[in-house]
Number of protein chains: 2
Amino acid sequence: MQKQETLTKNQKIILDLIEKSDQPLKAYSILFDVKKKGINAPLQVYRALNKLVKIGKIHKIESRNTFIACKNSKCQIAKATVFSICESCEDVTEIHDHKLSEHLRDFKDNKGMKYNKYNLEFFGLCKKCV
Amino acid sequence: MQKQETLTKNQKIILDLIEKSDQPLKAYSILFDVKKKGINAPLQVYRALNKLVKIGKIHKIESRNTFIACKNSKCQIAKATVFSICESCEDVTEIHDHKLSEHLRDFKDNKGMKYNKYNLEFFGLCKKCV
DNA sequence: TAACGCTGTGTAATAATATAACATTTATAA
DNA sequence: TTATAAATGTTATATTATTACACAGCGTTA
Ligand SMILES: [Zn+2]
Ligand SMILES: [Zn+2]
Ligand SMILES: [Zn+2]
Ligand SMILES: [Zn+2]
């Protein structure tokens with residue numbers, strides 16, 4: 001059972017926008033799009049983004065500074081994300097691979113570090129761009 | 001046999017600084033430090049950083065926007081990097097795990113994408129910070 | 001030699017990404 | 001009710017990174 005978060009107005013507006021896009025969006029392009037809905041400042045966008053990331057509704061693509069909706073609820077609240085990124089067309093896809101997830105979840109280094117999160121980004125060329 | 005790159009003056013100055021630090025450095029802190037050596041502008045730093053990343057002498061920690069020296073020459077020229085990051089003290093360590101590397105290298109998605117690079121970042125608490 | 005491409009340099013300006021600080025409001029809980 | 005946490009709105013500012021332009025050095029090759 002997943003805890004159902006109640007989103008605020010700003011959070012809903014921004015999540016809605018991100019979910020309607022199948023590709024990641026940049027914070028300032030989100031800002032531009034939501035100005036008509038009364039969200040006027042970067043901070044309002046970043047606050048909503050941070051919250052949405054925290055509760056796992058969206059993920060940040062770190063190498064691109066963009067935000068994408070989580071289409072399935074399988075990533076344990078933003079704690080384990082894997083993406084493939086086409087370096088030509090910038091198409092991004094979230095990957096859910098059971099075997100890979102297992103390996104990553106079970107990984108132990110030799111430093112006794114306790115992990116609670118990981119992010120993996122694969123780069124290459126998608127079918128269209130090869 | 002690895003191709004021996006000849007670095008320019010600026011590239012050497014900046015690589016030297018990064019190699020002397022066991023922890024990642026930010027571009028503008030590098031800029032501050034190399035001003036005494038005649039490097040005056042952000043672009044001079046970013047150009048050197050980009051080149052050094054490209055040839056695998058340093059890596060970018062994407063989630064932190066910082067740069068760390070590659071201590072061993074095992075990552076195939078910046079194409080396969082794994083880091084552990086302490087979310088408390090921000091200590092960063094480059095990980096080389098044979099088994100993990102194999103899994104990542106061999107990973108195939110179901111979209112026919114051709115990967116040539118990946119970056120994995122583990123987050124957690126280091127021994128000191130637990 | 002000269003012409004060319006390629007890489008790097010130096011400088012100024014600016015773009016793009018993200019947060020600090022403050023006053024106020026709203027939601028939740030004791 | 002009180003208090004306490006979370007979110008808002010606003011302004012200003014910090015941080016990260018690139019564009020644009022003029023030019024220098026070097027190796028290739030015509
Ligand atoms: Zn997800
Ligand atoms: Zn593509
Ligand atoms: Zn390395
Ligand atoms: Zn630590």
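These numbers come from the heavy atoms of this one structure, side chains and all, not from hydrogens, waters or symmetry mates. In this text, all values refer to a predicted model and were calculated from it rather than measured experimentally.
Residue K51(B) places no side-chain N or O under 4.0 Å from the OP1 or OP2 atom of dT7(C). The phosphate of dA17(D) (OP1 or OP2) has a side-chain N or O of N65(B) nearer than 4.0 angstrom. Between Q44(B) and dT9(C) there is no side-chain polar atom (N or O) within less than 4.0 angstrom of OP1 or OP2. A close approach under 4.0 Å does occur between a side-chain nitrogen or oxygen of T8(B) and OP1 or OP2 of dT9(C). OP1 or OP2 of dT16(D) has at least one side-chain nitrogen or oxygen of K26(B) nearer than 4.0 Å. Distances shown here put a side-chain N or O of K60(B) below 4.0 Å from the OP1 or OP2 atom of dA17(D). Look at K9(B) and you won't find any side-chain N or O under 4.0 angstrom from OP1 or OP2 of dT9(C).
When side chains are defined from C-beta on, I14(B) does not count as touching F67(B), because their heavy atoms never get closer than 4.5 Å.
Ring-plane geometry between Y115(A) and F107(A) is classed as parallel, the angle between the planes falling under 30 degrees on a 0 to 90 degree scale with a further cut at 60.
To the nearest angstrom, P of dA21(C) lies 14 Å from CZ of R47(A). One can place CD1 of I39(A) at 11 Å from P of dT10(D), the figure rounded to the nearest angstrom. One atom, CG of L7(B), and another, P of dT7(C), lie 15 Å apart when rounded to the nearest Å. Rounded to whole Å, atom P of dA14(D) lies 17 Å from atom OH of Y46(A). Look at OH on Y28(A): it is 11 Å from C1' on dT15(D), rounded to the nearest Å. Taking atom CG of residue N40(A) and atom P of nucleotide dA12(D), one finds them 15 Å apart after rounding to whole Å. In this structure, K35(A) places its NZ atom 12 Å from P of dT10(D), rounding to the nearest Å. Atom P of nucleotide dT17(C) and atom CZ of F32(A) are separated by 15 Å, given to the nearest angstrom.
Of the listed nucleotides (dT11(C), dA17(D), dT19(C)), dT19(C) has the atom at the smallest distance from the side chain of L43(A).
Taking a cutoff of 4.0 Å between a charged side-chain nitrogen and a carboxylate oxygen, K117(A) and E87(B) qualify as a salt bridge.
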Which is it for L120(B) and N119(A) under the side chain to side chain contact (heavy atoms under 4.5 Å, CB included) test, yes or no, and what are the steps along the way?
CA-CA 6 Å; L120(B) 171 55; N119(A) 178 55; over 6 Å; no
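Taking for each of Q11(B) and A41(B) the nucleotide of DNA chain C with the nearest heavy atom, the 5'-most of the two is the partner of Q11(B).
For S63(B) and E121(B), the side-chain atoms include at least one donor-acceptor pair closer than 3.5 Å.
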